Amino acid sequence: MSAHNVYPSSSSQSPGPAARPDSKQALITVVTPLWNESDTISALAAALRKLFQDTSVKWEWLAVNDGSSDDTAARVRKEMRGMEGARLVCLTRNFGQQAAYRAGLDHASGDAVVFLDADLQDPPEFIPEMIARWREGARLVVGRRRSRPERGVRGLLLRGFHVIFGRLTNNVMPRDSGTFGLMDRVVVDELKRLPERNLFLPALRCWLGYRQATVWYDRHERAGTPKQTYAKLFNYAWNGITSFSEIPLRFISWLGLFLCFFGTLCAMLVLVQRIGQWFGLWTERMVMGFATQTVGIFLLGGVQLLCLGIVGEYMARIFREIKGRPHYLVEEIIEEKSNPKKI
Ligand code: UDP
Ligand code: MG
């Protein structure tokens with residue numbers, strides 16, 4: 001079955017097998033990565049407190065401090081006071097959003113794990129709906145954005161990325177979905193088994209398969225300034241494309257083939273001209289102009305460098321995989337109602 005057949009077109013998912021876990025009250029871990037989110041912590045904590053009032057499940061807040069240089073960690077610790085089971089995993093430096101989420105996966109103990117950005121762009125109010133889909137049998141529930149607030153260049157780039165990514169990867173993940181979603185323990189454990197360093201978790205979790213459902217929502221404005229800078233976003237997007245598509249490499253082969261064909265055509269033209277001269281069909285020599293040659297040299301040089309660059313990008317990723325460095329390093333884990341655990 002092709003990847004794009006996996007998703008239902010609406011949030012309704014036909015009831016699956018028995019709800020999990022059946023024998024005890026389910027534990028849901030909410031993972032939030034934090035990088036210099038000092039301004040947003042209190043709003044986030046308030047939203048989570050409201051969410052945790054739903055006592056049909058047990059909750060665990062797992063915050064991952066991704067090497068913040070402001071007082072994010074101190075503020076989180078303050079907010080976590082009295083929140084049972086809350087934990088703060090502090091990484092040794094800024095490893096990036098995907099690595100922080102991966103740290104969350106590794107430390108979550110829930111029967112299901114929810115990914116939630118700290119900026120509240122993805123509304124936590126939709127988490128109960130995700131849990132309902134999970135109880136109906138979906139192993140993975142993905143949040144899909146009906147609308148997004150980003151405008152201007154950022155909005156254009158984000159929308160463009162989703163279109164291109166969908167085309168290049170045969171829609172490995174639902175269009176306009178991001179990290180916001182819920183994963184069953186089975187999905188979490190399978191994700192943790194995947195060794196790849198170039199993480200693009202929104203697509204990777206969908207690639208696993210299993211029964212999947214979607215929940216539609218409108219994305220909110222961000223609280224605080226965006227932490228995914230253009231450089232980080234570009235890197236993230238390129239990681240996604242190179243992890244799930246070999247089309248850029250195939251494009252080089254097609255381009256090479258086209259240029260070979262074009263070159264052969266030119267050679268034949270020159271040959272025909274020479275033969276024509278031998279037989280005296282025409283006496284004038286067709287000399288290509290200086291400008292044409294210069295443009296040709298620059299263009300071909302550029303194309304070659306571009307192709308070399310694309311191959312290099314894939315090689316750099318292979319290099320990163322081979323080195324096998326960990327996704328992140330943990331400095332300390334702070335558990336509510338316990339002393340900091342030094343690693
Ligand atoms: N984030 C992180 N490490 C980074 C960059 C971002 O942990 O290096 C976190 C950030 O604190 C937020 C989430 O990732 O909780 C999403 O960041 P942002 O809202 O800036 O990204 P966007 O909404 O553009 O995807
Ligand atoms: Mg955001």
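All ligand and atom numbering here is 1-based and tracks the order in the structure. Being a predicted model, the structure only gives us computed values, none of them experimental.
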How does [X] reach ligand 1, if at all, at less than 4.0 Å between non-hydrogen atoms: by side chain, backbone, both, or neither?
X      : value
Arg219 : side chain
Arg154 : side chain
Val64  : neither

### Message
Within the supplied structure, the quantity of interest is the number of heavy atoms (other residues, nucleotides, ligands) at a distance under 6.0 Å from Phe319 CZ; does it exceed 12?
### Response
no
Which residue supplies the protein heavy atom nearest to [atom], what is that atom called, and how far is it?
atom                    : result
atom 9 (C) of ligand 1  : Pro33 O, 3.8 Å
atom 14 (O) of ligand 1 : Gln97 CG, 3.2 Å
atom 3 (N) of ligand 1  : Asp66 OD2, 2.7 Å
atom 23 (O) of ligand 1 : Gln121 OE1, 2.8 Å
atom 21 (O) of ligand 1 : Gln228 CG, 2.9 Å
atom 20 (O) of ligand 1 : Lys227 N, 2.5 Å

Do any nitrogen or oxygen atoms of [X] lie less than 3.5 angstrom from nitrogen or oxygen atoms of ligand 1?
X      : value
Ala100 : no
Leu233 : no
Asp117 : no

Nearest heavy atoms of [X] and [Y], plus distance in Å:
X      : Y      : result
Ala99  : Tyr328 : O-CD2, 3.7 Å
Thr179 : Arg205 : O-NH1, 2.8 Å
Ser68  : Asn36  : OG-N, 2.9 Å

### Query
Just by distance, do the side chain of Asp117 and the backbone of Asp119 share a donor-acceptor pair under 3.5 Å?
no
### Query
Any donor and acceptor pair, going by atom type alone, linking the side chain of Gln25 with main-chain N or O of Thr55 inside 3.5 Å?
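Yes, because the side chain of Gln25 sits within donor-acceptor range (under 3.5 Å) of the backbone of Thr55.
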Enumerate the atoms of ligand 1 whose separation from the nearest heavy atom of [X] is less than 4.0 angstrom.
X      : value
Asn94  : 3 (N), 4 (C), 8 (O)
Lys232 : 4 (C), 8 (O)
Arg222 : 17 (O), 18 (P), 19 (O), 20 (O)
Glu37  : 10 (C), 11 (O), 12 (C), 15 (O)
Asp119 : 18 (P), 19 (O), 23 (O)

### Task
State whether a side-chain donor-acceptor pair under 3.5 Å links Arg144 with Thr214.
no
### Message
Testing the 3.5 Å rule here: is there a donor-acceptor pair between the side chains of Asp66 and Tyr101?
### Response
no
### Query
Does the ring center of Tyr217 lie less than 6.0 Å from the ring center of Phe180?
yes
### Task
For residues Phe161 and Tyr236, establish whether the separation of their ring centroids is below 6.0 Å.
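No; Tyr236 has its ring centre 6.0 Å or more from that of Phe161.
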### Task
Mind running salt bridge (Lys or Arg N to Asp or Glu O under 4.0 Å) on Asp218 and Arg146 for me, showing each step along the way?
CA-CA 5 Å; Asp218 295 302; Arg146 215 181 344 241; 3.6 Å; yes
### Query
In Asp119, which N, O or S atom comes closest to the Mg ion (ligand 2)?
OD2
